[in-house]
Every structure is written in C-alpha cells, then in structure tokens.
Amino acid sequence: MAVQTTAEAPMPVGEVSRLIGQWIDRLGAVWVEGQITQISRRPGAGVVFLTLRDPSQDISLTVTCFRAVFDRVAEVVGEGARVVVFGKPEWYAPRGQLSLRATDLRAVGVGELLARIEALKKSLAAEGLFAPERKRRLPFLPGCVGLVTGRASAAERDVLQNAKLRWPAVRFAVRNVAVQGVHAVPQVIEAVRELDADPEVEVIIVARGGGSVEDLLPFSDERLVRAVAAAGTPVVSAIGHEPDSPLLDLVADLRASTPTDAAKRTVPDVGEEQSRVRQLRERGRWVLETFLDREERGLAAAVSRPVLADPGRMIAGRAEEVDALVARARRTLGHLLERAEADLTHTRARVVALSPAATLRRGYAVLQRTDGSAVRDAGRVAAGERLRARVAEGAFSVTVDERGEGQEAER
C-alpha cells in the first residue's frame with residue numbers, strides 16, 4: 001500500500017526499511033539458478049554467505065544458508081560452480097540489504113548442463129542461426145584482425161605468434177576479456193560488438209584455451225550466440241580443443257579446432273603464397289613457351305611449303321599455261337579467219353560470176369529507159385524512143401528506128 005509522505009512530514013529510514021521488510025516477507029520461496037562467485041565461511045560461524053550471479057547479466061544476489069545446508073554439497077560446490085538454490089527472500093532491516101535465505105542447495109550436474117545446451121541448440125537451429133547459407137567467407141588477406149581472448153592467455157599468444165609467423169604484416173585489434181566465470185558473457189558480447197563496429201576490422205576471432213564443461217559454458221550462452229549471429233563481420237570460433245563444441249562454434253562463420261588453427265585459417269602463409277606465385281609464374285612461362293614453340297613450328301611448316309618458299313613458281317607455271325592458251329587461241333583464231341577468208345573468196349567469186357557486170361564484160365548490154373527501168377521486151381519499145389545502153393566499160397544512148405533496130409547516138 002502506498003504511503004503518503006511530504007517534505008514536511010517525511011518517513012524515517014527505519015520505517016521505510018520495516019515496510020520493505022513486511023512486503024518482502026509476504027513473498028514465497030523460489031528456486032533460483034546462478035553461478036557462485038564468492039563463498040564466505042567464517043570459522044565458528046553457523047551461517048555461510050554466498051554471492052550468486054546471473055551468468056548472462058551483471059546482476060548478483062546475496063545468499064545465506066546454514067552451515068549444515070552448505071556442508072552437504074561443499075565437496076562439489078566451489079566458486080564458479082553452477083547451483084540451484086531453494087530459498088526465501090529476506091530483508092535485513094538494520095543494513096537495508098536483501099538476501100536469499102537458502103534451505104536447499106544443489107549443484108547443477110554436467111549432464112543437466114549438457115541437456116540444457118542441447119535443448120537450446122535445437123531451438124536456435126530451428127530459427128536458422130546455424131544454417132550453412134548464413135556462413136560468410138573469410139577475406140583472403142584481412143588488413144586487420146579482431147581478437148577477443150583472455151589477457152596474457154596462451155590462446156592470445158598462440159594466435160598472435162602464429163599469425164605473425166605466417167604473415168608478418170598482419171595487424172590485430174585485441175580485446176582482453178574474461179573467458180570464464182560470470183563476467184565472461186557480457187564482456188565477450190561487448191568486445192564482439194565493438195570490433196564489429198570498427199570498419200578496419202575484417203574478421204573477428206574469439207579464442208579460448210581448453211577447459212572443463214563448466215569453464216566453456218559462457219560460449220554456449222544464448223545471448224552470446226545471438227550477438228555473434230547479428231554481427232556483420234565474419235567471426236571465427238576457436239574455443240577449447242578439438243573435442244569441445246560450444247554453441248559458438250555452430251553460429252560462427254568458421255570453426256577452428258584450436259587458437260593456433262584459427263591463426264592458420266585466418267591469415268595466409270607468406271612462404272606458401274610466394275611459392276604458389278612462383279609455381280604460377282613458372283606454369284605461365286611454360287604455357288607461353290609451349291604456345292610460342294607450337295606457333296613457330298606451324299609458321300616454319302607454312303613457310304617451307306613450295307608456294308611460300310618460291311612464290312614466283314606458281315606465277316611462272318601459270319604464265320606458261322597462259323602463253324600456251326594464248327598461242328592455242330591464236331592458232332584457232334587464225335584457222336577460223338583462214339576458213340572464213342576462203343569461204344568469203346569463194347562466195348565473192350560466185351557473186352562476181354553471177355553479177356550483171358560479169359555478164360556485161362562478156363559483151364552483153366543492158367537497155368534502160370529514161371526512168372532507169374530495163375527493157376526486157378522489144379515489142380514494148382516505140383520507134384524513135386531514146387534508150388540508154390549500159391555495157392561493161394560505160395554507157396551510151398541509142399534511138400529506136402522504125403524497124404525496131406537501134407542506132408548509136410552520142411555516148
């Protein structure tokens with residue numbers, strides 16, 4: 001119930017603490033899961049103080065329990081252990097502190113943790129976060145590599161040394177974070193997001209050495225898996241050793257078996273690349289030389305052909321053929337002309353023999369009237385009519401007498 005207070009009538013601290021305690025006392029007991037970050041066992045004290053932290057968030061809660069309750073699990077529970085606590089919220093009014101009074105304390109077994117991880121794995125796989133088509137190819141030669149790992153850890157040393165041995169010019173943007181415990185998840189998420197926002201970083205490596213199942217639990221946390229899935233920069237997971245397989249391996253774009261393997265698969269080896277370049281150059285030179293040799297042989301074979309070795313030979317041969325054809329054409333034309341000339345001579349002789357001029361040269365004459373018509377019938381010639389007589393060597397005029405006989409007049 002709300003309490004009415006004013007600046008003139010404030011409520012004492014003790015009353016506020018008492019009211020808060022009354023409200024908390026009405027809360028029932030609950031089961032709570034978390035990770036123990038601190039254990040305080042004072043000699044002779046009957047109460048053990050624990051700090052229980054949410055592995056995925058920066059939230060802690062104080063837990064108190066009787067020594068007898070804690071002693072039942074003291075051999076399997078220590079700092080960093082995952083536990084399940086059954087307790088009732090309690091308010092300590094003198095100091096204004098909230099705690100959880102535990103009446104039962106149980107360690108979370110490895111089998112139960114693995115079962116939870118398997119269930120989360122199926123759920124995330126159903127969303128498509130592990131689908132192969134989401135995987136992005138790593139750049140061939142990244143200009144800057146982001147590295148998320150523990151401070152001064154063997155994983156950091158392995159990645160940096162092996163990468164620089166392979167490609168001395170490689171640059172790293174290193175983010176040192178907690179890689180186990182309650183602070184691991186939020187710090188790794190923050191580092192991944194920071195490197196993902198850096199435009200110079202082309203690939204991110206999340207590396208950690210080997211460890212127990214509990215040590216590797218942060219890398220199967222749902223928040224971290226989703227953060228890596230949302231990153232725009234390719235992410236390489238190098239967690240633990242070959243048998244270890246946290247969920248980060250499944251969502252990452254590339255899974256490396258070890259931090260050393262991550263360095264080898266992220267950065268090319270300069271020696272190998274130089275050797276590959278030499279091999280390619282030699283292969284290219286061999287291909288070019290083979291091509292030139294083949295073309296030279298083809299050119300030599302073409303030049304050695306008679307038509308190219310002595311180009312004038314073909315022209316000379318054709319010239320002889322042309323001369324022979326011209327001579328043949330001339331002979332044929334001469335024969336045709338001679339035959340035509342003989343035919344013409346014979347025809348001319350016949351024409352001359354049959355022509356009126358030849359008849360006139362034999363002594364005949366042609367009588368023509370003044371209109372040029374020839375006289376063919378003596379009966380149709382009148383007495384005294386003048387006619388023209390044409391002979392072989394000229395013509396002269398005649399007059400028809402009464403007897404029908406013509407007499408010569410002037411030529």
Donor-acceptor contact present, side-chain [X] to main-chain [Y], <3.5 Å:
| X | Y | value |
| --- | --- | --- |
| K88 | L100 | no |
| S304 | A301 | yes |
| T37 | T51 | yes |
| E156 | A152 | yes |
| W91 | D25 | no |

Flag yes if more than 12 heavy atoms outside [X] fall under 6.0 Å of its [atom1] atom; otherwise flag no.
| X | atom1 | result |
| --- | --- | --- |
| W286 | CH2 | no |
| K264 | NZ | no |
| K164 | NZ | yes |
| R348 | CZ | no |
| E341 | CD | no |
| R390 | CZ | no |

Side chain to side chain, [X] and [Y], heavy atoms closer than 4.5 Å:
| X | Y | result |
| --- | --- | --- |
| R157 | S153 | no |
| T233 | L195 | no |
| T62 | Q97 | no |
| R67 | R41 | yes |
| F49 | V63 | no |
| V83 | L105 | yes |
| L248 | V228 | yes |
| V47 | C65 | no |

[X] side, atom [atom1]; [Y] side, atom [atom2] - distance, nearest 0.5 Å:
| X | Y | atom1 | atom2 | result |
| --- | --- | --- | --- | --- |
| I36 | S60 | CD1 | OG | 12.0 Å |
| Q274 | Q279 | CD | CD | 12.0 Å |
| E200 | C144 | CD | SG | 6.0 Å |
| D261 | L254 | CG | CG | 7.5 Å |

Closest contact, heavy atoms only, [X] versus [Y]:
| X | Y | answer |
| --- | --- | --- |
| P139 | V203 | CD-CB, 4.4 Å |
| G34 | L52 | C-CD1, 3.5 Å |
| A365 | V391 | CB-CG1, 3.8 Å |
| R134 | L129 | NH1-O, 2.9 Å |
| A227 | I189 | CB-CG2, 4.0 Å |
| L367 | A389 | CD2-CB, 3.6 Å |

Task: Inter- and intrachain pairs under ring pair (Phe, Tyr, Trp, His ring centres under 6.0 Å), touching residues 144-189, at least two apart - done: none
Task: Short side-chain donor-acceptor distance under 3.5 Å, R175 and Q187 - done: no
Between [Y] and [X], is there a salt bridge with N-O shorter than 4.0 Å?
| X | Y | answer |
| --- | --- | --- |
| R388 | D371 | no |
| E273 | R276 | yes |
| D253 | R136 | yes |
| R226 | E222 | yes |
| R193 | E190 | no |
| R297 | D293 | no |

Task: Trace of the side-chain contact (heavy atoms from CB on, under 4.5 Å) decision for V201 with D196 - done: CA-CA 7 Å; V201 175; D196 184 42; over 6 Å; no
- [ ] Would you check, one step at a time, whether the test side-chain contact (heavy atoms from CB on, under 4.5 Å) holds for F66 with R101?
- [x] CA-CA 9 Å; F66 291 107; R101 171 70 68 173; 4.0 Å; yes
- [ ] Would you sort out whether I117 and L217 count as a side-chain contact (heavy atoms from CB on, under 4.5 Å), showing the intermediate values?
- [x] CA-CA 9 Å; I117 293 176; L217 282 178; 3.5 Å; yes
Task: All salt bridge (Lys or Arg N to Asp or Glu O under 4.0 Å) counterparts of R151, not counting sequence neighbours - done: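 Per chain and number, R151 pairs via salt bridge (Lys or Arg N to Asp or Glu O under 4.0 Å) with no residue.
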TODO: Apply side-chain contact (heavy atoms from CB on, under 4.5 Å) to the pair F86 and V32, showing each step before the final yes or no.
DONE: CA-CA 6 Å; F86 183 73; V32 181; over 6 Å; no
Open item on the list: Could you go through E321 and R318, starting from their C-alpha distance and side-chain angles, then the distance that decides it, and tell me whether this counts as salt bridge (charged side-chain N to carboxylate O under 4.0 Å, His left out)?
Closed with: CA-CA 5 Å; E321 293 181 6; R318 295 300 180 185; 3.1 Å; yes
